[in-house]
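Ligands are counted one by one from 1 in listed order, and the atoms in each one are counted from 1 as well.
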Amino acid sequence: MTTTLDVARANPNAPLIDAQAQFAAPKAQLVGLDRLELMEALASVGVPQKQQRMRSRQLWNWLYVRGVRDFADMTNIAKDLREKLDAAFSVARPQVVAEQISEDGTAKWLMRFPAASPTEQPVDVETVYIPESDRGTLCVSSQVGCTLTCTFCHTGTQKLVRNLTADEILAQILVARDRLGDWPDQETPAGMTAPQDGGRAISNVVMMGMGEPLYNFDNVKKALLIASDGEGISLSKRRITLSTSGVVPMIQRCGAEIGVMLAISLHAVRDDLRNKLVPLNKKYPIAELLEACRTYPGVSNAKRITFEYVMLKGVNDSLADAKELVRLLKGIPAKINLIPFNPWPGTRYECSDWDQIERFADVVNRAGYASPVRTPRGRDILAACGQLKSESERVPAWKKRAMAAALGEVDTASPEDAAQEDAAHAG
Ligand code: SAH
Ligand code: SF4
């Protein structure tokens, strides 16, 4: 059974409002500011320099330890300062347009972020929560749409609308904690499933929602450093995983500057096939990608890189592929994650037969990689990997051409040229 609760009055299918006609600049968010910026915000409302550090600590605690959404609840801050802050800044959450709960406990939220300028539209973003017995994983989006055109991915059919800001990335975590009762002294609300180990509802975060996180590096970095800050949300960096389709030049910086776990969307063991599935491979081929993994800062047997491999029937699922996968990864501290392909309306791919996935997994197992198959979750609410796609934008013609070209159907400009062009427009 799937229940769908509309937790806001808005209709998720309603067209986005005419931004130009109704635009009211949103107040600046305090969520997403680093500690220095928070002190500057306090200075801007007249807090004397000698109090700024202490006040910024208080704010940090209210925002990230207590999860307050209203300045009025910040009871250890004087009323007149709360009023000044309230006049200039916001700590409010985005609108939750829809909430869906799968029969397996997976939850999906559609959040709407306001336009930042009169020429923009508000954007809709999907965030997914996957409860298991010993952990709860939140799958967070980094962009609305994606510039890349992986041919098996639903998000890949969508234009990049824009990068999400650090506060919008963090807001996905904060909203999920609200809905799951994951703040101190709260209980899991009826209808929600949480891990059974008594730990926090959200113990893990994966940057595996919409978008390519390494193409939005600065905002993702800022958000993840706040999420892992020990005096705030306090998620261990070992429990945060950033998944990339292989933006090689940014991989080193990801390790050195963010320090989270890395997942690589490999999906093919030969360049000719990977060029089709993940067209970014034409720019950064497999050998270069694996070299960046070998030298990933902090990589070790205790801190392995996850290699994701989507199982596509008759495309990349032969036993020869499995053997080559094991051979390619030799020498890299690795985990292998076989993802049954999640179909979406209009896709031309099929998921490999279960027997074939098991045979493939056996080869991988025998090479010493444990439990490599990821159980699909939330399929009834289209919440599984690669099924997220907001309705903010329809597919542009160039992107349809680029995807068809990647599949070898038409001869046209390279998909990355088109993607770069799009990124330039978006940026
Ligand atoms: N852009 C990043 C992160 C988002 S996608 C990346 O590509 O890694 C998260 C994972 O879901 C990636 O491994 C992606 O390849 C995989 N994925 C995309 N579409 C999928 C689908 N339809 N079925 C299964 N996995 C999919
Ligand atoms: Fe973008 Fe990742 Fe989907 Fe590729 S798999 S189109 S990089 S979101």
Side-chain angles (χ1 to χ4, degrees), residues 125-128 130 137-161 163-164 169 205-217 220 240-248 250-251 254 260-268 274-284 289 293 305-313 315-317 335-352 357 373-379 382-390 395 399 402-403 406 415-416 418-419 422-423 426:
V125 171
E126 287 186 321
T127 308
V128 172
I130 306 145
T137 304
L138 193 71
C139 180
V140 171
S141 295
S142 57
Q143 298 182 310
V144 184
C146 189
T147 52
L148 299 175
T149 50
C150 304
T151 44
F152 54 88
C153 172
H154 206 190
T155 311
T157 65
Q158 193 191 355
K159 183 183 174 192
L160 175 74
V161 179
N163 283 333
L164 292 176
I169 295 168
V205 163
V206 293
M207 297 303 298
M208 293 187 188
M210 295 162 61
E212 168 48 60
L214 293 188
Y215 275 163
N216 185 15
F217 186 83
V220 167
I240 301 178
T241 302
L242 183 150
S243 174
T244 178
S245 56
V247 185
V248 168
M250 301 306 289
I251 287 179
C254 176
V260 292
M261 306 297 282
L262 183 67
I264 300 285
S265 294
L266 191 62
H267 307 318
R274 194 163 189 272
N275 287 346
K276 288 188 177 153
L277 299 178
V278 185
L280 186 66
N281 193 70
K282 291 188 201 161
K283 208 163 180 185
Y284 309 116
L289 178 57
C293 293
I305 295 174
T306 300
F307 289 86
E308 298 162 279
Y309 195 96
V310 63
M311 298 299 295
L312 302 169
K313 185 174 183 168
V315 175
N316 65 353
D317 63 350
K335 287 189 256 186
I336 295 177
N337 211 322
L338 304 179
I339 315 174
F341 171 63
N342 293 305
W344 36 271
T347 180
R348 63 198 70 210
Y349 293 110
E350 282 177 77
C351 182
S352 307
I357 296 181
V373 186
R374 187 188 294 174
T375 318
R377 298 290 302 269
R379 278 191 160 174
L382 280 186
C385 257
Q387 291 182 320
L388 305 186
K389 177 173 178 289
S390 94
V395 191
K399 197 146 191 173
M403 294 187 93
E416 299 97 79
D422 188 59

Against ligand 1, does Y349 come closer than 4.0 Å with any heavy atom? no

Distance, nearest 0.5 Å, that separates OH of Y284 from CG of L289: 11.0 Å

Using heavy-atom distances only, which candidate in P213, G211, G209 approaches atom 1 (N) of ligand 1 most closely? G211

List every atom of ligand 1 that sits less than 4.0 Å from any heavy atom of H267, numbering the atoms from 1 in the order shown and giving each element. 13 (O), 14 (C), 15 (O)

Can you list the atoms of ligand 1 that are under 4.0 Å from a heavy atom of W344? 22 (N)

Among S243, C153, C146, S141, closest by any non-hydrogen atom to atom 2 (C) of ligand 1: S243

Check whether T137 reaches the backbone of V206 with its side chain - one donor and one acceptor, N or O, closer than 3.5 Å. no

Where ligand 1 meets I339 - atom numbers and elements under 4.0 angstrom, heavy-atom basis: 24 (C), 25 (N)

Heavy-atom contact under 4.0 Å between C351 and ligand 1? no

Does M210 reach ligand 1, in the sense of a heavy atom lying below 4.0 Å from it? no

Looking at L312, V315, N316, which hits side-chain contact (heavy atoms from CB on, under 4.5 Å) with F152? L312

Numbering as shown, the atoms of ligand 1 that approach F341 to under 4.0 Å (heavy-atom distance): 21 (C), 22 (N), 23 (N)

Full working for side chain to side chain donor-acceptor pair (under 3.5 Å) between N163 and Q143: CA-CA 4 Å; N163 283 333; Q143 298 182 310; 2.8 Å; yes

Intermediate values then yes/no, side chain to side chain contact (heavy atoms under 4.5 Å, CB included), I264 and T306: CA-CA 6 Å; I264 300 285; T306 300; over 6 Å; no

Listing by chain and number, which protein N, O or S atoms are under 2.8 Å from atom 3 (Fe) of ligand 2? C153 SG

Using every non-hydrogen atom in the two residues, find where C139 and G209 come nearest and quote the distance to one decimal. SG-N, 3.4 Å

Mark up the atoms of ligand 1 that fall under 4.0 Å of a heavy atom belonging to E308, in ascending order. 10 (C), 12 (C), 13 (O)

Check the pair S142 / Y215 against side chain to side chain donor-acceptor pair (under 3.5 Å), numbers first and verdict last. CA-CA 9 Å; S142 57; Y215 275 163; over 6 Å; no

For C146 and E212, work out which heavy atoms get closest and say how close. SG-N, 4.0 Å

Apply the test side chain to side chain contact (heavy atoms under 4.5 Å, CB included) to residues T241 and M207: give CA-CA distance (whole Å), side-chain angles for both, the deciding distance (0.1 Å), then the verdict. CA-CA 6 Å; T241 302; M207 297 303 298; over 6 Å; no

Under a 4.0 angstrom heavy-atom cut-off, which atoms of ligand 1 come close to S265? 6 (C), 7 (O), 8 (O), 12 (C), 13 (O), 14 (C), 15 (O)

Taking atom OG of S245 and atom NE2 of H267, what is their separation to the nearest 0.5 Å? 8.5 Å

For N342, is at least one N or O under 3.5 Å away from an N or O on ligand 1? yes

With heavy-atom distances below 4.0 Å as the criterion, list the atoms of ligand 1 near T244. 6 (C), 8 (O)

Closest heavy-atom pair and its distance - S141, M210: OG-N, 2.9 Å

Taking all atoms of both residues into account, what is the closest heavy-atom pair of T155 and G211, and its distance? CG2-N, 3.9 Å

Ligand 1 contacted by S142 (non-hydrogen, < 4.0 Å): no

Roughly how far apart are K335 NZ and F307 CZ, rounded to 0.5 Å? 11.5 Å

